[in-house]
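Here the structure comes first, spelled out in structure tokens, and everything after it is commentary.
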Amino acid sequence: MPIHSQCCTIDVTDKSIELSNNVVRVKFDTLLGTISLLNSQNNTPIFSNAYILIHTGRGVLDSREMTYKAFSGLDFKEGNLRGKSVVIRTEDANRRNEMSIKLTVLEGVPGYTCVIRFGNLDEETEVSAIDSLVLDVMPNAPPSIGQDRSNLRYFRNGFQSWDLSLSVPVSDGRNTSHLYSTINSIESDETYLVGYITSSNMFSTVQILGAEDEKEGLKQILASCNVDDISVTTRDSIVSEEMLFLTGINSVRLTEIYMDLLATKMDAISWKNIPTGWCSWYFYYTMPDEQEIVDNTRFLAERFGDSIEWIQIDDGFQEAVGDWEENSRFASGLDELVEEIHRKGYKAGIWTAPFVASEHSDIFKDHPDWFIRDKNNLPIAVDQNPLWLGNYYALDLTNPIVIEHIEKIFEKMKKSGFEYFKIDFLYHAAHQGRRVNTNMTRAQAVRRGLETIRNIVGNDLILGCGAPLGVSIGITNMMRIGTDIATDWRYDWGGGVYECAINTITRSPMHNRLWINDPDCILVRQDDNNLTIEEVRLWLSVVAVSGGAVLLSDRMMDVSEGRLRIVDKVLPPYGKGGIPVDAHLYEEPRVFAVPVESPIGYWSVVAVVNLTEEKIDVSFGLEDAGLSEKIPHHVFSFWDSEYLGLYEDEVVIEDLKPHSCRLLTVKPSSSLPTIMSTSIHFTQGAIELNNLEWSSDGKELSVRVKMDTKSRESVSFVFNNDWTPLKAFINDVETDIQEIAPEVISVRERFKSGDIIRIKFQR
Ligand code: 9PG
């Protein structure tokens with residue numbers, strides 16, 4: 001009896017309940033208690049005989065050992081998502097446990113989702129985990145992506161902001177990713193994406209088990225929610241997070257679909273623009289003082305004016321981590337400092353680590369019982385930080401007194417006039433241990449802490465840092481998605497350009513979906529900097545292409561004008577996120593592309609980076625960079641103002657030096673002359689140019705410059721050999737033409753907003 005809706009169908013036989021859309025068919029076998037997935041067009045299997053487990057205090061419930069009882073089908077509609085769900089009710093033989101399985105297929109989504117409910121019909125018991133998908137790989141029925149480990153990679157997403165997240169080979173044993181993972185074939189990019197699209201209540205992982213034999217190297221795919229042994233009383237129930245399984249070619253595209261669904265389900269929020277500003281940390285570290293902050297603010301106001309917005313005070317203003325009153329370096333008080341920041345035309349931000357406290361803080365000394373404890377009821381030192389001179393502890397966010405304490409901290413900060421809250425070291429609040437309320441999962445505890453802060457600060461900006469990602473969605477406007485930047489390529493205790501660049505590229509699908517990504521600050525100082533100018537440009541290029549926040553963190557007064565001009569080129573942020581073109585092929589991604597659309601045309605800006613220690617050749621397909629393969633494209637290299645030529649199908653960059661980057665503009669060729677590039681802004685035309693027009697006689701091309709430049713900059717034009725440039729004018733004054741290549745010319749000027757450039761051509 002098939003039940004049709006426009007997009008999705010439910011089919012029920014005496015052996016199975018099937019749910020399909022035009023891509024997949026998910027089948028629950030009512031006799032075996034297993035789930036199989038098929039291609040709905042040709043009925044070929046994607047995987048077979050997966051099952052579900054619930055780990056309880058009285059043993060493991062296995063869907064294959066449960067008895068099918070009943071099902072109900074329903075239409076699913078939420079926002080613009082439409083589909084069909086079935087809820088399948090099963091019970092064990094002695095009727096102590098119920099397992100309900102809700103499967104959903106959505107219109108246009110190449111996969112299905114699954115929610116599990118455990119119903120307790122017997123005495124109170126604990127639940128430690130719910131496995132939404134257990135897929136044992138059988139050599140006689142391999143999954144559609146194959147099982148040859150040498151052809152497979154998986155994406156290992158870290159639990160929190162700072163964790164290195166990248167695509168790696170499946171090694172033998174357990175390979176764990178948090179929240180989601182992709183498993184893709186290197187050859188074909190055939191991919192499974194397994195991930196959770198809700199994440200408020202339970203932390204989740206995707207694990208891939210590798211066998212020793214590489215050829216039969218894939219043993220199991222396992223998606224689990226961690227339920228932290230919370231108790232379920234008699235007649236009560238507990239519901240898992242919703243898992244999504246996607247299948248198809250193109251791992252990057254599937255990741256984008258996943259992030260879109262996760263954002264929708266979690267009511268993700270963003271911000272009215274892409275934040276820009278200055279942060280005290282990466283110059284002053286734990287020793288900022290009010291005068292230095294005022295001096296930087298004054299300098300920034302003069303040099304950058306309103307092209308930045310925020311002055312954010314970081315760690316070091318406070319008495320101790322945990323005691324958030326200002327210390328003696330801030331003798332005039334935070335309220336006064338905020339006013340001074342306002343007088344200079346900026347808004348003020350402040351850092352806290354609101355869920356932890358150092359061993360030196362009064363709060364820790366006075367209230368050891370407010371912290372997560374071990375089995376002897378002693379507070380657990382969750383970590384130590386040499387900069388904080390010792391151990392620190394994590395607050396028990398299930399304790400209402402602790403929640404009140406956090407409310408007071410943020411009430412005070414908000415009253416001081418701060419409108420931007422960088423909340424840091426959040427993941428420690430998820431530490432295992434004793435809490436007062438044993439009915440909350442660790443994820444729920446963290447979520448409650450985050451919601452508390454959101455409630456107090458209202459619609460102000462919250463930047464999560466050191467944050468468990470899934471549970472922060474819908475609460476933080478912005479999120480650090482990588483480790484700490486440093487004036488080093490790789491810093492001894494983690495951080496630096498290398499790791500920051502990897503995460504900024506690999507986690508770019510989160511940007512503008514889950515929140516605004518914060519890749520961390522850009523550092524351009526010329527002194528006391530172990531980064532070469534190529535490394536500085538590489539990091540700026542990656543940040544720029546990411547579309548994320550642009551935050552400075554030098555002692556700005558000491559930065560040379562030459563170095564400040566590099567910053568001008570990435571302000572304002574373009575905002576649209578980059579495509580991590582080959583992030584599922586290499587540990588060290590190479591190609592990061594952002595398609596640009598503007599009134600003067602469309603093109604892609606592509607950061608080609610070499611994060612390895614060897615010279616490499618890098619290539620990418622035009623289509624992968626968001627362009628059409630059908631037209632040859634001009635390629636221009638931004639930092640070195642070099643025209644690289646016309647490319648068909650793919651762009652190849654040979655002999656790219658280690659730690660270097662080429663920031664390319666890749667633009668469709670045409671029969672008419674057009675803009676090639678500018679040295680003003682990294683988008684090379686989207687922000688700084690408009691009104692590209694031909695004169696009525698078709699001989700003169702003109703374009704308007706939209707911003708003042710700090711120095712002489714160039715605007716370049718490209719044409720084919722039907723055309724010869726004759727003369728160039730800026731506001732009717734003739735100017736020199738520089739030949740960059742036989743088909744590329746440029747004009748140079750210190751431009752004023754409103755300047756019109758005209759080039760007279762002969763055909
Ligand atoms: C302030 C800093 C900055 C920075 C944050 C975060 O493991 N550790 O000891 C460790 C120290 C500092 C750190 C991360 C880890 O950096 O990312 O932007 O706000 O705190 O202390």
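Order of listing sets the numbers, starting from 1, for every ligand and every atom in it. Note that these values count all heavy atoms, side chains included, but never hydrogens, waters or copies made by symmetry. Just so it is clear, the structure is predicted and the values come from calculations on it, not from any experiment.
- Between R153 and E587, at least one side-chain N (NZ, or NE/NH1/NH2) sits under 4.0 Å from a carboxylate O, which counts as a salt bridge.
- Atom CE of M202 sits about 7.0 Å away from atom CD of Q444, to the nearest 0.5 Å.
- Relative ring orientation between W281 and Y285 is described as perpendicular, the plane-to-plane angle rising above 60° on a 0-90° scale split at 30° and 60°.
- Each of L531, L552, V570, V536 was scored for a side-chain contact (heavy atoms from CB on, under 4.5 Å) with V524, with one residue passing: V536.
- Protein residues having a heavy atom under 4.0 Å from any atom of ligand 1 are W162, W281, Y282, D314, D315, W351, N385, K422, D424, F425, C465, R480, D484, W493, listed by chain and number.
- Salt-bridge formation is not detected for the pair R448/E451: no Lys NZ or Arg NE/NH1/NH2 atom is positioned less than 4.0 Å from an Asp or Glu carboxylate oxygen.
- Using bins of under 30°, 30° to 60° and over 60° for the plane-to-plane angle, the ring pair F425/H428 lands in the parallel bin.
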